[in-house]
Amino acid sequence: AEKILPILKSPVVLFTGSRDITLPLQRTCGGDIVDGHCKYGDYTARQKRSIRAIIESPMIERWNAENLVSPHPTKMAPMPLGFFPAHCQNDGVRKVNTFDAEADLEWGVCSNVWKTIRGAGSVPLLERPLVMACSGHVRDSPDYDHRRALASHCAENGPWSSFAIAPQEETDFEKFLTFLSGTSFTACAHGGGSDPAPKAFEAIAAGSIPIITSSALDGAYRKLPVVVIDSWDDASALTEENLAAWREKLALETEARDALERAPELRGSQVHGRATRLLAGAAPERPSSPRCETPRSQKEPPRWSSPAVS
């Protein structure tokens, strides 16, 4: 902020990646607790001044941030993490790559994901078992309380055991995507940070519906096929009846969206009209709770005020 803001000549849109650190307030511990201390502490006074300077600067038109938390100023917007780079990589990446997904299908960055994405359609969502993938590492950190609750519900005698499944053993990235492609849903509880990615994006790549909790990141997932619940602590949030209804609704929406994108020649036809009405909300009634559409918090969001700098 001290170096860049003074030399800006016109307003810009800022994009920031923060690993597991949250913005504009630091609320993550990060990894395992060592000697009673978190990996990440609170921001220093200097860092807080820099964050406030960026927020208040008229030269920053919008700030898109990973791991966004509430409260936050209106100029800030969530940016999803996407895939984990160490997984979304091909050992054969060449120096001449264009870094274009379509052009570099065989050897480009993330080319190892395209096979799964393109093959996911071979098993339509409604023909998959009505099961939910439930897995993930749990570390000795308060960041992983959500995963602990999730693991408890998915355990052998837990309330979700009738529809929750997990890989039988540790597996590599490609095999994990194959596992997800045999499920209808994937439970995506965040660990460090506040974003349910990369698992949410891995699920989407495999054609499985991510289930996430409502947060300041809702806007980043607004147009994606996800189910949003309020909390992993509430065991009644997920039932086989809800899963069946959500799957049917999202399968219809996905089919309609694909029809609009792949068949522009149908524009103006009855098929196009039905698909348009479906995406506009004229779909079969959805379960009243939890939500299965554009994520919107039912609660009044906390108001932003710049943190005090000690």
Side-chain angles (χ1 to χ4, degrees), residues 1-86 88 99 109 139 141-146 188-198 200-201 212-224 228 294-310:
E2 296 171 353
K3 296 180 179 179
I4 303 300
L5 288 179
I7 64 175
L8 292 177
K9 303 300 182 183
S10 59
V12 300
V13 176
L14 176 64
F15 293 84
T16 58
S18 56
R19 300 188 58 162
D20 285 346
I21 299 174
T22 61
L23 282 165
L25 306 173
Q26 213 310 80
R27 290 183 176 168
T28 189
C29 182
D32 293 318
I33 296 178
V34 179
D35 296 330
H37 298 285
C38 290
K39 179 179 180 180
Y40 304 120
D42 192 11
Y43 289 122
T44 65
R46 182 178 180 181
Q47 289 171 328
K48 290 180 180 179
R49 285 194 293 269
S50 294
I51 292 171
R52 183 161 58 188
I54 293 172
I55 291 171
E56 295 177 351
S57 172
M59 304 307 291
I60 304 298
E61 188 174 274
R62 192 168 184 81
W63 186 355
N64 297 293
E66 290 181 343
N67 288 311
L68 184 68
V69 295
S70 293
H72 61 80
T74 55
K75 74 159 53 177
M76 295 189 76
M79 181 173 66
L81 291 171
F83 292 103
F84 184 51
C88 182
F99 293 94
V109 175
R139 295 181 175 180
S141 162
D143 295 346
Y144 290 79
D145 287 346
H146 298 286
C188 303
H190 74 75
S194 61
D195 198 320
F201 279 78
I212 64 177
T213 52
S214 183
S215 71
L217 295 163
D218 283 357
Y221 291 88
R222 182 170 57 86
K223 294 185 178 182
L224 296 177
V228 183
T294 301
R296 296 182 185 277
S297 176
Q298 300 292 329
K299 303 175 183 177
E300 182 69 21
R303 295 183 180 276
W304 163 258
S305 61
S306 185
V309 178
S310 57

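With values rounded to the nearest 0.5 angstrom, Glu66 atom CD is found 9.5 Å from Leu23 atom CG. Between the NZ atom of Lys75 and the CD1 atom of Ile60 there is a distance of 6.5 Å, given to the nearest 0.5 Å. Put simply, CG on Leu68 and OG on Ser215 are 8.0 Å apart, with the number rounded to the nearest 0.5 Å. Rounded to the nearest 0.5 Å, atoms NE2 (His146) and CD1 (Ile212) are 12.5 Å apart. Atom OG of Ser57 sits about 12.0 Å away from atom CD1 of Ile4, to the nearest 0.5 Å. In this structure, CG in Leu8 is found 12.0 Å from CD in Glu61, a value given to the nearest 0.5 Å.
The minimum heavy-atom distance between Pro71 and Arg27, with the atom names listed, is CD-NH2, 3.3 Å. Between His72 and Pro24, the shortest heavy-atom distance links the atoms CB-CD, 3.7 Å. Annotation for Gly82 and Ala197: closest pair O-CB, 3.6 Å, computed over non-hydrogen atoms. Across all non-hydrogen atoms, the minimal contact from Phe15 to Met79 is CD2-SD, 3.5 Å.
Legend: residues meeting side chain to side chain donor-acceptor pair (under 3.5 Å) with Thr28, ordered by chain and number and at least two apart, are Asp143. Residues meeting the side-chain contact (heavy atoms from CB on, under 4.5 Å) test with Ala220, sequence neighbours left out: Pro78, Pro80. Partners of Ser194 under the side-chain contact (heavy atoms from CB on, under 4.5 Å) rule, at least two apart in sequence or in another chain, are Thr22, Asn67, Val69, Leu217. Not counting sequence neighbours, the partners of Arg62 by the side-chain contact (heavy atoms from CB on, under 4.5 Å) test are Val13, Asn64, Ala77.
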**Study point:** Derivation and outcome, salt bridge (Lys or Arg N to Asp or Glu O under 4.0 Å), residues Arg46 and Glu2
**Key:** CA-CA 10 Å; Arg46 182 178 180 181; Glu2 296 171 353; 3.0 Å; yes
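Side-chain contact between Ile51 and Leu25: absent, with no pair of heavy atoms (C-beta onward) separated by less than 4.5 Å. By the 4.5 Å heavy-atom criterion applied to side chains, Val228 and Tyr221 are not counted as neighbours. Here the side chains of Phe201 and Leu81 are not in contact, with every heavy-atom distance at 4.5 Å or above.
Between the side chain of Gln26 and the backbone N or O of Ile21 there is no donor-acceptor pair closer than 3.5 Å.
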